[in-house]
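Numbers restart at 1 for each chain; the letters A, B, ... are given by sequence-line order, proteins then strands. Fair warning: this is a prediction, and the values are worked out from it, not measured in the lab.
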2 protein chains.
Amino acid sequence: MDNSHDRPGVRDVTLAPADERAAADQADAFASVRNAHESEVAEDYVELIAELVDSNGEARPVDLAERLGVKPPTVTKNISRLVRNGLVRRERYRSIFLTEKGVALADACRRRHRIVVATLIALGVDSETAERDAEGIEHHVSDETLVAFEQFVTSRG
Amino acid sequence: MDNSHDRPGVRDVTLAPADERAAADQADAFASVRNAHESEVAEDYVELIAELVDSNGEARPVDLAERLGVKPPTVTKNISRLVRNGLVRRERYRSIFLTEKGVALADACRRRHRIVVATLIALGVDSETAERDAEGIEHHVSDETLVAFEQFVTSRG
DNA sequence: TATGAAATTTAGCCAAGGCTAACTCAAGGG
DNA sequence: CCCTTGAGTTAGCCTTGGCTAAATTTCATA
């Protein structure tokens, strides 16, 4: 009954160079995704801070927390990293503002966000779903893909 | 010189219900992304195990590690979680196989992956970039968006 | 102006998912 | 038949990004 020790499958598959290349490419792709994930939080925060400054004149941790769906201490902790990375300026117990570098990143993110949303809508996705999915998708859209999206949405005015 | 205690911006912004709703929706969207991230690893592993079983007859941790671009101990640790979640079957020091549930998830993932790649290509992205970006995008494509993608790629022969 | 409520931060916890070093096991060759 | 070698695992560490509870600070207002 117990044949679990018969090791099935082929062990002598000597991978051809082509397959090794493919494996390496795939590994790179996965590594990129993991890397992208590390900057996702930074992008989300910076994008949101820019929005809040535009609409409220300032970005308070409590508002960031509400918009992001996390608790204030989480915001404090993550903002500290943004400060370390030179994206954000802060004084204790005061609001948060973007540095020049932060503004540049926010602008790029918001542009990319708009293009992704527009593309999804152009493909027939309803705007609510488009907004929702874009939040996750945008961080994984390369520059090349963004160009393709942009051409697609503009070329059908 | 030190005017840092002047708190700039408007504090009396009483959020209208509409804005509160928008904030809650945005918080939900971010929460979804965080949630999606938790299942990304599971999806990547299951998808890859299915591929390896198809092509090699078995999925060895060392091959998974190579394809994923991580070290073998990482694979062991993550596979343990998949076992806990009933997606994978394993015996110590032997290859890894999918459970029925794992096969179902792998099939859904591979289908979604194909559709995302096809959509990107249809939008003018070169196939290499499409493959790369899809690896990150696929986890954030909702069912509604997937339907839209599918119609788009089929409706243009 | 004193005080209480709300905002912010600190401290300390947890799980996920990476890593290296070191150990265990399986299988083939001498 | 042992023993080397490579596959797999264990142990232990790190960072990220969540959380709660408990300070601390600010600000409005009584």
Side-chain angles (χ1 to χ4, degrees), chain A residues 4-15 27 30-45 48 52 56 58-85 88 90-97 139, chain B residues 4-15 27 30-45 49 52 56 58-85 88 90-97 139:
Chain A
S4 60
H5 283 259
D6 299 337
R7 194 147 197 177
V10 195
R11 263 301 156 87
D12 51 299
V13 196
T14 308
L15 284 180
F30 283 121
S32 295
V33 174
R34 285 195 300 273
N35 254 342
H37 182 250
E38 286 175 19
S39 45
E40 275 180 39
V41 173
E43 293 183 359
D44 287 341
Y45 275 67
L48 194 46
L52 287 171
N56 298 355
E58 64 175 347
R60 297 186 307 163
V62 69
D63 295 328
L64 281 170
E66 189 197 359
R67 297 294 201 102
L68 291 164
V70 301
K71 302 295 178 184
T74 301
V75 170
T76 297
K77 193 185 283 193
N78 288 331
I79 290 295
S80 298
R81 249 206 343 286
L82 300 191
V83 171
R84 279 209 303 280
N85 298 342
V88 144
R90 171 183 57 170
E91 285 158 64
R92 281 167 54 104
Y93 296 99
R94 303 234 112 74
S95 282
I96 297 154
F97 297 94
H139 304 290
Chain B
S4 59
H5 284 260
D6 300 337
R7 193 146 199 178
V10 195
R11 263 299 155 87
D12 52 300
V13 197
T14 306
L15 283 180
F30 282 121
S32 295
V33 174
R34 285 195 300 272
N35 256 341
H37 182 250
E38 286 175 19
S39 45
E40 275 181 39
V41 173
E43 294 182 0
D44 287 342
Y45 275 68
I49 291 167
L52 287 171
N56 298 355
E58 66 174 347
R60 296 185 308 162
V62 69
D63 295 328
L64 281 170
E66 189 197 359
R67 296 294 201 102
L68 291 164
V70 301
K71 302 295 179 185
T74 301
V75 170
T76 296
K77 192 185 284 193
N78 288 332
I79 290 294
S80 299
R81 251 206 340 287
L82 300 192
V83 171
R84 279 208 303 279
N85 298 342
V88 145
R90 171 183 56 169
E91 283 158 65
R92 281 166 56 102
Y93 297 101
R94 302 237 114 72
S95 282
I96 297 155
F97 297 94
H139 303 291

Inset, instruction - Mind calculating the distance between CD1 (B:I96) and C1' (D:dA7) to the nearest angstrom? - result: 11 Å
Inset, instruction - Nearest whole angstrom, please: distance from the C1' of C:dA26 to the CZ of B:R60. - result: 13 Å
Legend entry - Atom-pair distance (NZ on B:K71; C1' on D:dG6), nearest Å: 15 Å
Inset, instruction - Applying side chain to side chain donor-acceptor pair (under 3.5 Å), name anything that partners A:R90, two or more places apart in sequence or on another chain. - result: A:S80
Inset, instruction - Using a 4.0 Å heavy-atom cut-off across all strands, classify A:V75 as base, sugar-phosphate, or nothing. - result: nothing
Inset, instruction - Kindly indicate whether the side chain of B:I79, heavy atoms from C-beta on, has any atom under 4.5 Å from the side chain of B:I49. - result: yes
Inset, instruction - Please check the phosphate of C:dA15 (OP1 and OP2 only) for any side-chain N or O of B:R34 closer than 4.0 Å. - result: no
Legend entry - Atom pair distance, as rounded to whole Å: CG in A:L68 and C1' in D:dG18: 12 Å
Inset, instruction - Taking side-chain contact (heavy atoms from CB on, under 4.5 Å) as the test, write out the residues that go with B:A36, two or more places apart. - result: B:H140
Legend entry - Partners passing side chain to side chain donor-acceptor pair (under 3.5 Å) against B:T74 (at least two apart in sequence or in another chain): none
Inset, instruction - Could you check how far CD of A:E58 sits from P of D:dT26, rounded to whole Å? - result: 15 Å
Inset, instruction - Give a yes/no answer on whether the side chain of A:T74 brings an N or O atom under 4.0 Å of OP1 or OP2 in D:dC19. - result: yes
Legend entry - A:E38 CD to C:dC19 C1', straight-line distance once rounded to whole Å: 13 Å
Polar-atom pairs under 3.5 Å, protein N or O versus N or O of nucleotides 10-13 of chain D: list them with distances, or write none.
from	atom 1	to	atom 2	distance (Å)
D:dT10	OP1	B:R92	NH1	2.4

Inset, instruction - Run the numbers on A:V70 and B:F30 for side chain to side chain contact (heavy atoms under 4.5 Å, CB included), then give the verdict. - result: CA-CA 9 Å; A:V70 301; B:F30 282 121; over 6 Å; no
Legend entry - Nearest-Å distance for atom pair CD1/P, residues A:I79 and C:dT8: 11 Å
Inset, instruction - Quickly work out the A:H37 NE2 to C:dG18 C1' distance and round it to whole Å. - result: 13 Å
Inset, instruction - By nearest nucleotide on DNA chain D, pick out whichever of B:A59 and A:E40 is the more 5' one. - result: B:A59
Inset, instruction - For B:T76, enumerate each residue passing the side chain to side chain donor-acceptor pair (under 3.5 Å) test, keeping only those at least two apart in sequence or located in another chain. - result: none
Legend entry - Partners passing side chain to side chain donor-acceptor pair (under 3.5 Å) against B:S39 (at least two apart in sequence or in another chain): none
